[in-house]
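Single-structure report; data block below.
What's counted below: heavy atoms across the whole structure, side chains too, no hydrogens, waters or symmetry copies.
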Amino acid sequence: NLELAALDAAREKFSELGAAVVAISPQVEAYARYSVEKNGLHFDVLSDPGNAVARRFGLSFQVPEDLKRVYIEMKLDLPRYNGDDSWQLPMPARFVVDREGIIRYADFDPDYTTRPDPEETLAALRELSGA
């Protein structure tokens, strides 16, 4: 996954600014762990069964029927990977949360094909840290 690789590549820069990278995925724990191993990631990927966290942030969407058919044709078994048959996914998003739990920066796009750029997140971290 290119987005995960880009995050992993920027992880040290995040760390230098006192931040940690954590990804949240709707995949069940076994598949989330496999994703970390397969992609050689050096950050945690947490499992969000049923998109509970994504829904709380208003980031969950129903996979459209035409895309669902494409996934099925490509043998992408979303219900197996995510542990439910809801066919819901989270929008790609990135948040900077301070030590008090306050969201200081958010980047997301309803177009699930648009991925946040790690450099934009780094700029937000630099601004918050005064670096």
- prompt: Between F14 and F43, is any pair of side-chain heavy atoms under 4.5 Å apart?
  reply: no
query: What closest approach, in Å, do D48 and A54 show between heavy atoms, and which atom pair accounts for it?
result: OD2-N, 3.1 Å
- request: Begin from the C-alpha positions of E120 and R94 and carry the test side-chain contact (heavy atoms from CB on, under 4.5 Å) through to its verdict.
  value: CA-CA 10 Å; E120 293 173 18; R94 198 158 294 144; over 6 Å; no
task: Apply the side chain to side chain contact (heavy atoms under 4.5 Å, CB included) test between N82 and each candidate in V28, L89, D77; give the one that qualifies.
output: L89
- prompt: According to a 4.5 Å side-chain heavy-atom criterion applied to Ile, Leu, Val, Met, Phe, Trp and Tyr, with indirect links allowed, do I72 and L76 form part of one hydrophobic cluster?
  reply: yes
- line: The reported gap from CD in E73 to NZ in K68 (rounded to nearest 0.5 angstrom) is 13.0 Å
message: Strictly below 4.0 Å, N to O, side chains only: are K13 and E119 in salt-bridge contact?
response: yes
- prompt: Atom OG1 in T114, atom CG in D109: separation rounded to 0.5 Å?
  reply: 4.0 Å
query: Are any side-chain N or O atoms of R55 and backbone N or O atoms of G50, one a donor and one an acceptor, separated by less than 3.5 Å?
result: yes
- line: Heavy-atom nearest pair, Q88 first then S60, reads OE1-OG, 3.0 Å
query: To the nearest 0.5 Å, how far apart are OG1 in T121 and CZ in R126?
result: 10.5 Å
- request: Begin from the C-alpha positions of I24 and F95 and carry the test side-chain contact (heavy atoms from CB on, under 4.5 Å) through to its verdict.
  value: CA-CA 11 Å; I24 302 175; F95 296 94; over 6 Å; no
message: How close do P79 and D85 get, counting heavy atoms only, and between which atoms?
response: CB-CA, 4.0 Å
- prompt: Looking at side-chain heavy atoms only, is the closest gap between F57 and F108 below 4.5 Å?
  reply: no
task: Give the minimum heavy-atom separation between R104 and L128, together with the two atoms involved.
output: CB-CD1, 3.4 Å
- line: Rounded to the nearest 0.5 Å, the CD atom of E16 sits from the CG atom of L125 at a distance of 11.5 Å
- prompt: Which pair of non-hydrogen atoms, one from S35 and one from Q27, has the smallest distance, and what is that distance?
  reply: CB-OE1, 4.2 Å
statement: Those residues at least two apart in sequence (or on a different chain) that pass salt bridge (charged side-chain N to carboxylate O under 4.0 Å, His left out) with E29 are R33
- request: Fit a plane to each ring of Y81 and Y31, take the angle between them on a 0 to 90° scale, and name the class: parallel (under 30°), tilted (30 to 60°) or perpendicular (over 60°).
  value: perpendicular
field: Atom pair CG/CG of D117 and D107 - distance to nearest 0.5 Å
entry: 8.5 Å
task: Decide whether V97 and V53 are clustered together by the hydrophobic rule: side chain heavy atoms of Ile, Leu, Val, Met, Phe, Trp, Tyr closer than 4.5 Å, transitively.
output: yes
